[in-house]
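Note sheet for the following structure.
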Amino acid sequence: MAATAMEHDGGGGAEVVTPGELLGASSSLAAGRGAYADGHSVRASVTGRRRILPPTPGSSDQRSTVEVVGHKAHGAVPQPGSVVIARVTKVMARMASADIMCVDSKAVKEKFTGMIRQQDVRATEIDKVDMYQSYRPGDIVRALVLSLGDARAYYLSTAKNELGVVSAQSIAGGTLVPTSWTEMQCELTGQIEQRKVAKVE
C-alpha cells in the first residue's frame, strides 16, 4: 500500500512536470538529469517528478540542482548537446522525423521523437538542401540534440562531418556503403544513392 500512496501527486512537493515546462531560473537552479538550461530558465526535458537537490558542500556553485525523475529513470534521456542514434521514420520537404534509439551510446527505454529540419542537415549551402537526397525512411543517423522542439520532439542536427547517415539500405534492399559525404553505393547493384553521410571514423 505504501507504494500506491507514493504515486499520488500531493506528497513531498514532487509535482509532475512535462517536457518544456518551466522549473525555475538558471540564476538559482542548475539543470540536472531530465532538465536543461534554456537561456535564463531551466526547463524539463522529460515527463516526471521534479526534485531539488541541495548544492554540494564546498562547491563554488552554490545553486541547488533541479532534476526530473521519470517513471523510467533508468533509461537514457536526450539532452541538448547529446549525440544520439536515431532511425528515420518519415521524410518531408522541409524536415525529417526519426525515433531516437540511443543517447550517448546508451539505449533509451521510452519513445523519443527527433526532427531534423532542412537548415540543420549540413553546415554549407543550407538553402540547397534536398531532404529527399539527404535521408530515406529506415536510415540510421548519428545526430546532435539541439533543443527540445515542438510537440515533445527534439530538434536534431547533422551539420558536422561526423554526423549523418551511418547505416542504410538501398532501394534494392542491399547495404549502402559510403563513397563520399553525399553518396552511398549499393553492394548488390552498384547503384549510387544520395545521402548526407556521416564521416567514417
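Positions are given from 1, in the same order as the sequence printed here.
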**OP:** Evaluate the criterion side chain to side chain contact (heavy atoms under 4.5 Å, CB included) for residue pair R87 and D139; output intermediate values, then yes/no.
**Re:** CA-CA 6 Å; R87 179 184 284 111; D139 287 358; over 6 Å; no
**OP:** Would you sort out whether E162 and K199 count as a salt bridge (Lys or Arg N to Asp or Glu O under 4.0 Å), showing the intermediate values?
**Re:** CA-CA 5 Å; E162 68 271 19; K199 184 179 178 182; over 6 Å; no
**OP:** Please assess T113 against I100 for the test side chain to side chain contact (heavy atoms under 4.5 Å, CB included), listing each intermediate value before the final yes or no.
**Re:** CA-CA 6 Å; T113 302; I100 296 171; over 6 Å; no
Original post:
So Y135 and T158, side chain to side chain contact (heavy atoms under 4.5 Å, CB included) or not? Walk me through it.
Top reply: CA-CA 11 Å; Y135 311 107; T158 56; 2.4 Å; yes
Original post:
Which is it for L53 and E67 under the side chain to side chain contact (heavy atoms under 4.5 Å, CB included) test, yes or no, and what are the steps along the way?
Top reply: CA-CA 8 Å; L53 305 176; E67 63 179 27; 3.6 Å; yes
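Considering only heavy atoms from C-beta on, F112 stays 4.5 Å or farther from V103 through its side chain. Between V121 and M131, the closest side-chain pair of non-hydrogen atoms falls below 4.5 Å. A 4.5 Å side-chain heavy-atom check between V84 and C102 finds every atom pair outside the cut-off. Considering only heavy atoms from C-beta on, V88 comes within 4.5 Å of V141 through its side chain. Contact of the R33 side chain with the V69 side chain is registered, since non-hydrogen atoms from C-beta on lie closer than 4.5 Å. Between L23 and V68 there is a side-chain heavy-atom pair separated by less than 4.5 Å. No side-chain heavy atom of V17 sits under 4.5 Å from any side-chain heavy atom of R49.
Checking each of K90, M92, M95 against M115 for a side chain to side chain contact (heavy atoms under 4.5 Å, CB included) leaves exactly one that passes, namely M95.
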Expected list for residues 187-194: side-chain donor-acceptor pairs under 3.5 angstrom, two or more places apart:
{"unit_1": "T189", "atom_1": "OG1", "unit_2": "Q191", "atom_2": "N", "d": "3.2"}
{"unit_1": "E193", "atom_1": "OE1", "unit_2": "R136", "atom_2": "NH1", "d": "3.3"}
{"unit_1": "E193", "atom_1": "OE1", "unit_2": "R195", "atom_2": "NH1", "d": "3.1"}
{"unit_1": "E193", "atom_1": "OE1", "unit_2": "R195", "atom_2": "NH2", "d": "3.4"}
{"unit_1": "E193", "atom_1": "OE2", "unit_2": "I171", "atom_2": "N", "d": "2.8"}
{"unit_1": "Q194", "atom_1": "NE2", "unit_2": "E183", "atom_2": "OE2", "d": "3.4"}

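Of the possible polar contacts, none joining the S82 side chain to the P78 backbone as a donor-acceptor pair under 3.5 Å is found. No donor-acceptor pair closer than 3.5 Å links the side chain of S170 to the backbone N or O of C186. A donor-acceptor distance shorter than 3.5 angstrom exists from the side chain of D104 to the backbone of V83, with no hydrogens or angles considered. A donor-acceptor contact shorter than 3.5 Å links the side chain of Q118 to the backbone of V129. Under a 3.5 Å cut-off, the side chain of S97 and the backbone N or O of T89 do not form any donor-acceptor pair. Checked by atom type and distance alone, the side chain of Y36 never pairs as donor or acceptor with a backbone atom of R43 at under 3.5 Å.
With a 6.0 Å radius and a threshold of 12 heavy atoms from other residues, nucleotides or ligands, R63 has its CZ atom above the threshold.
Under the side chain to side chain contact (heavy atoms under 4.5 Å, CB included) criterion, S147 pairs with Y155, not counting sequence neighbours. A search for side chain to side chain donor-acceptor pair (under 3.5 Å) contacts involving D127 returns nothing, not counting sequence neighbours.
Separation of atoms CD1 (I140) and CD1 (I85) is listed at 8.0 Å; rounding is to 0.5 Å. Summarising the geometry, atom NZ belonging to K128 is positioned 13.0 Å from atom CD belonging to Q133; distances are rounded to the nearest 0.5 Å. To the nearest 0.5 Å, the span separating CG on D120 from CD1 on I126 amounts to 8.0 Å. Rounding to the nearest 0.5 Å gives a distance of 12.5 Å between CZ of R122 and CG of N161. With rounding to the nearest 0.5 angstrom, the CD1 atom of I116 is 15.0 Å from the CZ atom of R94. The CG atom of L163 sits 6.0 Å away from atom CG of L144, with the distance rounded to the nearest 0.5 Å.
Scanning all heavy atoms of the two residues, the minimum distance from A35 to V42 falls at CB-CG1, 4.1 Å. When every heavy atom of S134 is checked against every heavy atom of V165, the shortest pair comes out as O-CG2, 3.7 Å. Closest of all the heavy-atom pairs between G34 and Q79 is N-NE2, 3.1 Å. P55 and S64 make their closest contact through CD-OG, 3.7 Å (heavy atoms, listed as atom of the first residue, atom of the second, distance).
Hydrophobic cluster membership differs between M184 and V166, with clusters built from Ile, Leu, Val, Met, Phe, Trp and Tyr side chains linked at under 4.5 angstrom. The same ILVMFWY cluster, assembled from side-chain heavy atoms under 4.5 Å apart, contains both Y132 and L176. A continuous path of hydrophobic side-chain contacts links V91 to L156 [ILVMFWY only; heavy atoms under 4.5 Å].
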